[in-house]
2 protein chains.
Amino acid sequence: MTGEVAGRADAGVAAPIDAALLLDNQLCFLVARLHRALNDRYRPVLGALGLTYPQYLAMLALWEQAPMSVGRLGERLRLDSGTLSPLLKRLETAGLVTRTRSAGDERSVEVGLTDAGRTLRAEAVDIPSWVGSCIAGSLDDFVRVRGELTEILDRVENAPPPPVALPGPVR
Amino acid sequence: MTGEVAGRADAGVAAPIDAALLLDNQLCFLVARLHRALNDRYRPVLGALGLTYPQYLAMLALWEQAPMSVGRLGERLRLDSGTLSPLLKRLETAGLVTRTRSAGDERSVEVGLTDAGRTLRAEAVDIPSWVGSCIAGSLDDFVRVRGELTEILDRVENAPPPPVALPGPVR
DNA sequence: ATATGATGGATTGTACACAACTTAGTTGTA
DNA sequence: TACAACTAAGTTGTGTACAATCCATCATAT
């Protein structure tokens, strides 16, 4: 289960298959599945707090530091305003955050926590251990996996743009 | 950068912080970022083929085996019909797949490839190496990372349901 | 002071992703 | 046959996610 890249040499009846195009050889597919599987793990637990998964990540960021401008929050979470604006409005509607124009710079919107938002943190403290236990078996596991993921992430987020010429102009 | 779980002991002015709730200690956050970063990598390359990232994964599955029912394709990709139905309709509109009711079981819809769909495969063969090179530096890297991801994925997808009592009834 | 350019958010449009529900067809049982 | 239970897809509604675009505001340079 460790040394082979190729997978099966052909896929039976249908088509000639390059190992490179086998679905199970795509790291991106594994990551997509992992992302959704984690989402599934968090959903019931977060549902009890009235949060979705991305909303939870936004709250984590705000529990670390608030208030924060929408732009800075977006950098922290790697989300753009098109995603963040409606998400934050829903958190505001839920009474967890405030959104106020900055006094100094009227372009900027500061996102702060309400009392309810701060209180919610206490109800969230057990979530990482609940969910974490099904990701990493031990603390060593956790550290190893975190290191591995961070390393890959650095490569992918900071990789240079695609090698110039694509099949056609990318629009 | 390898042995510490805690992260910084506090986050400055704002709040008392448990290491467990630090955003950067959440494996789920790393996975979410990785998922989006990979999406960003694939987008321009796949855009040239007229595919989105999930559509590409669906095509990979169909290039391995076609025709396949919507249900089986969903199992393969871990997607439900609510996601797959419109996605497949778009692929049909794009002229890449066919959707026909199964003769034997009228409930089932068989998804097949058109000539254009089969032809597209040739234009996709270089994609894994383009994108793969920014995920894993070497073949050894690839194999190691794939093993690691598969292991985590098994744990998360097959973990038992949450430990009975959540803060409140889950709805 | 006014034009120029850059910046921060919001908005719009397209595309996943999932829950809940509906519809249609199949199977099991009496 | 009749009918309940089940199954496979589709549909609807909510919530991300991102590109493209718009708008107000700030910085600056003339």
Side-chain angles (χ1 to χ4, degrees), chain A residues 28-29 31-44 46-47 50-59 67-94 99-111 170-171, chain B residues 28-29 31-44 46-47 50-59 68-75 77-94 99-111 170-171:
Chain A
C28 68
F29 180 50
V31 171
R33 281 171 62 185
L34 184 54
H35 177 62
R36 290 197 296 262
L38 282 174
N39 214 319
D40 291 343
R41 282 291 138 196
Y42 275 99
R43 202 188 321 284
L46 294 177
L51 292 175
T52 67
Y53 188 70
Q55 286 168 10
Y56 169 67
L57 295 177
M59 291 303 291
M68 203 176 346
S69 75
V70 174
R72 292 231 311 109
L73 189 56
E75 285 174 25
R76 187 83 178 92
L77 298 171
R78 269 75 174 179
L79 293 174
D80 72 1
S81 70
T83 302
L84 221 37
S85 282
L87 185 154
L88 291 172
K89 279 181 188 171
R90 283 185 280 269
L91 287 179
E92 187 184 35
T93 302
R99 301 187 315 127
T100 50
R101 288 273 160 198
S102 160
D105 184 341
E106 281 289 325
R107 292 169 302 179
S108 175
V109 169
E110 293 291 316
V111 182
V170 185
R171 185 149 350 187
Chain B
C28 68
F29 180 49
V31 172
R33 279 170 64 184
L34 183 54
H35 177 62
R36 290 199 297 263
L38 281 174
N39 212 320
D40 291 342
R41 281 293 137 195
Y42 276 99
R43 203 188 320 282
L46 294 177
L51 292 175
T52 67
Y53 186 71
Q55 286 169 9
Y56 169 68
L57 295 177
M59 292 303 292
M68 199 174 352
S69 74
V70 174
R72 293 230 313 107
L73 189 56
E75 285 173 25
L77 299 171
R78 269 73 174 181
L79 292 175
D80 72 2
S81 70
T83 302
L84 221 37
S85 282
L87 185 153
L88 291 171
K89 280 182 189 169
R90 283 185 281 269
L91 288 179
E92 187 184 34
T93 302
R99 300 187 315 128
T100 50
R101 289 272 161 196
S102 160
D105 184 343
E106 280 287 325
R107 292 169 302 180
S108 175
V109 169
E110 294 290 317
V111 183
V170 186
R171 177 154 359 167

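Chain letters run A, B, ... following the sequence lines, proteins first, then strands; residues in each count from 1. Every value quoted in this text rests on a predicted model; they were computed, and no experiment measured them.
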Expressed in angstrom and rounded to an integer, what is the separation of [X] atom [atom1] from [N] atom [atom2]?
X: A:Arg36; N: D:dA17; atom1: CZ; atom2: P; answer: 13 Å
X: B:Glu75; N: D:dT7; atom1: CD; atom2: P; answer: 13 Å
X: A:Tyr53; N: D:dT16; atom1: OH; atom2: P; answer: 13 Å
X: B:Leu73; N: D:dA8; atom1: CG; atom2: P; answer: 15 Å
X: B:His35; N: D:dT16; atom1: NE2; atom2: C1'; answer: 11 Å
X: A:Asp80; N: D:dT21; atom1: CG; atom2: C1'; answer: 13 Å
X: B:Leu51; N: C:dA15; atom1: CG; atom2: P; answer: 12 Å
X: B:Leu38; N: C:dC16; atom1: CG; atom2: P; answer: 17 Å

Please tell me if [X] has a side-chain N or O lying less than 4.0 Å from either OP1 or OP2 of [N].
X: A:Arg90; N: D:dT16; value: yes
X: B:Arg43; N: D:dA19; value: yes
X: A:Gln55; N: D:dT16; value: yes

Q: Spell out, as yes or no, whether a donor-acceptor pair under 3.5 Å connects the side chain of A:Asp80 to the backbone of A:Thr83.
A: yes

Q.
Whether the side chain of B:Arg43 engages the backbone of B:Thr52 through a donor-acceptor N/O pair (distance < 3.5 Å, no angle test) should be reported.
A. no

(Q) Below 30° counts as parallel, above 60° as perpendicular, anything between as tilted: where do the rings of B:Tyr53 and B:His35 land? (A) perpendicular

Q: Report the residue (A:Leu87 or A:Ala103) whose heavy-atom-nearest nucleotide on DNA chain D is the more 5′ of the two.
A: A:Leu87

Q) Roughly how far, to the nearest 0.5 Å, is the CE atom of B:Met68 from the CD atom of B:Glu110? A) 9.5 Å

Q) Hey, mind stepping through B:Leu73 and B:Leu88 against side-chain contact (heavy atoms from CB on, under 4.5 Å) and telling me if it holds? A) CA-CA 10 Å; B:Leu73 189 56; B:Leu88 291 171; 3.9 Å; yes

Q: Test side-chain contact (heavy atoms from CB on, under 4.5 Å) on B:Leu51 and B:Leu91 and set out the steps.
A: CA-CA 8 Å; B:Leu51 292 175; B:Leu91 288 179; 3.8 Å; yes

Q | Residue list, side chain to side chain donor-acceptor pair (under 3.5 Å) with A:Arg72, at least two apart or on another chain | A | A:Gln65

Q: Indicate for each nucleotide in nucleotides 1-12 of chain C, in 5' to 3' sequence, whether protein heavy atoms under 4.0 Å reach the base (B), only the sugar-phosphate (S), or nothing (-).
A: ------BSSBB-

